[in-house]
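Working notes, structure below.
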Amino acid sequence: MFLTQRKKIGYFLARMRFRRHPAQSVGFSRAFSDATTALVIVPTEQSERALAIPFLRSLQQKFKGGKLTVVSMGSTRDLSVALAPCSVYPLHPEQVTMFQLPRKAGVDQLFRHKYDIALDLNTSLDLPAAYICRSVTASFRIGFAKEHGDTFYNFQFRASPQRNLQTRYAQLLRTLAMF
């Protein structure tokens with residue numbers, strides 16, 4: 001019960017912060033094809049994270065030479081091995097406030113870099129991940145369609161929930177390739 005209330009307060013605080021810093025309009029026509037750097041936030045759930053690795057390898061082909069940064073809640077051991085040349089940034093539970101927002105000291109290193117694309121692979125709203133996606137300097141912020149997603153993303157991908165997650169990731173990659 002208290003966690004739900006704290007998440008609501010965290011969402012309210014995030015909305016107030018982003019209201020003071022409105023998002024700029026973005027042309028999507030060549031946003032993905034012209035992008036050279038990307039930040040990807042992997043799912044919090046371990047089962048979803050394992051399904052995201054083939055998607056991340058595909059992105060790794062596009063963003064070669066360490067231009068792909070991956071953010072993961074908790075352990076990054078499985079990602080560090082699978083995605084050796086890219087940067088894997090762990091976000092530990094102690095780096096998240098009681099209102100489910102990341103602490104500035106915990107994500108300050110991410111905010112120093114400029115990314116062309118920020119991509120959140122969580123299928124449901126994960127407040128720390130959505131907050132990071134909106135807060136980093138990226139003009140193209142992508143996430144799966146979810147409640148309150150308009151606050152954090154300027155491109156939301158809606159896939160059929162009846163399809164398995166790996167198919168949804170493949171559909172997302174094909175959709176992004178159109179841009």
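When reading the values below, keep in mind they use all heavy atoms of this one structure, side chains included, and skip hydrogens, waters and symmetry mates. Just so it is clear, the model here is predicted, and its values are computed rather than measured.
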message = Surrounding NZ of K114 (heavy atoms of other residues, nucleotides or ligands, distance under 6.0 Å), is the total greater than 12?
response = yes

inquiry  = To the nearest 0.5 Å, what is the distance between CZ on R168 and OG on S160?
reply    = 7.5 Å

ask   = Is there a side-chain contact between V136 and F111 (heavy atoms, below 4.5 Å)?
value = yes

inquiry  = Quick check: do V96 and M73 have side-chain heavy atoms less than 4.5 Å from each other?
reply    = yes

message = Any heavy-atom pair between the side chains of I41 and D126 that's under 4.5 Å?
response = no

ask   = For E94, does the CD atom have more than 12 heavy-atom neighbours from other residues, nucleotides or ligands under 6.0 Å away?
value = yes

query = Where do T123 and E48 land on the side chain to side chain contact (heavy atoms under 4.5 Å, CB included) test, with the steps shown first?
reply = CA-CA 9 Å; T123 55; E48 291 182 7; 3.7 Å; yes

task = Heavy atoms only: give me the nearest L121-A52 pair and the separation to one decimal.
result = CD1-CB, 4.0 Å

key: Under 3.5 Å donor-acceptor, N122 side chain and T44 backbone   = yes

ask   = Do Y131 and V107 have side-chain heavy atoms sitting under 4.5 Å apart?
value = no

request  = Using a 4.5 Å cut-off on heavy atoms from C-beta on, say whether the side chain of L39 contacts that of V71.
outcome  = yes

query = Does the R6 side chain pair with the main chain of Q100, one donor and one acceptor, at a distance under 3.5 Å?
reply = no

Let me check something: any side-chain donor-acceptor pairs from residues 172-179 under 3.5 Å, sequence neighbours excluded? List them with distances.
| from | atom 1 | to | atom 2 | distance (Å) |
| --- | --- | --- | --- | --- |
| T175 | OG1 | Q171 | O | 2.9 |

inquiry  = Suppose we screen for salt bridge (charged side-chain N to carboxylate O under 4.0 Å, His left out). Which residues come up paired with K146, at least two apart in sequence or across chains?
reply    = D120

ask   = Taking side chain as C-beta onward, heavy atoms only, is L51 less than 4.5 Å from N164?
value = no

key: Ring center gap for F140 and F32 short of 6.0 angstrom   = no

task = Considering non-hydrogen atoms only, spot the tightest contact between Q166 and P54 and give its length.
result = NE2-CG, 3.5 Å

key: Sub-4.5 Å side-chain heavy-atom contact between V42 and R49   = yes

message = Tell me whether the count of non-hydrogen atoms from other residues, nucleotides or ligands lying under 6.0 Å of CZ in R158 goes above 12.
response = no

note = Closest non-hydrogen contact found for Q109 with Y89 is OE1-CE1, 3.2 Å

query = Passes side chain to side chain contact (heavy atoms under 4.5 Å, CB included), L110 versus Y115? Steps please.
reply = CA-CA 9 Å; L110 291 174; Y115 303 97; 3.8 Å; yes

ask   = In Å, rounded to the nearest 0.5 Å, how long is the span from CG of L119 to OH of Y153?
value = 9.0 Å

Value rounded to 0.5 Å, distance of CG in L91 from CZ in R103 = 11.0 Å

task = Mind checking the CG-CD1 spacing from L127 to I132? Nearest 0.5 Å is all I need.
result = 10.0 Å

note = OG (S135) and NZ (K104) are apart, to the nearest 0.5 Å, by 10.0 Å

query = Do side-chain atoms of K67 reach the backbone of A35 as a donor and acceptor pair under 3.5 angstrom?
reply = no

request  = To the nearest 0.5 angstrom, please state how far the NE2 atom of H113 sits from the OG1 atom of T37.
outcome  = 10.0 Å

note = Sequence neighbours excluded, the answer for ring-ring contact (aromatic ring centres under 6.0 Å, His included) partners of F55 is Y169

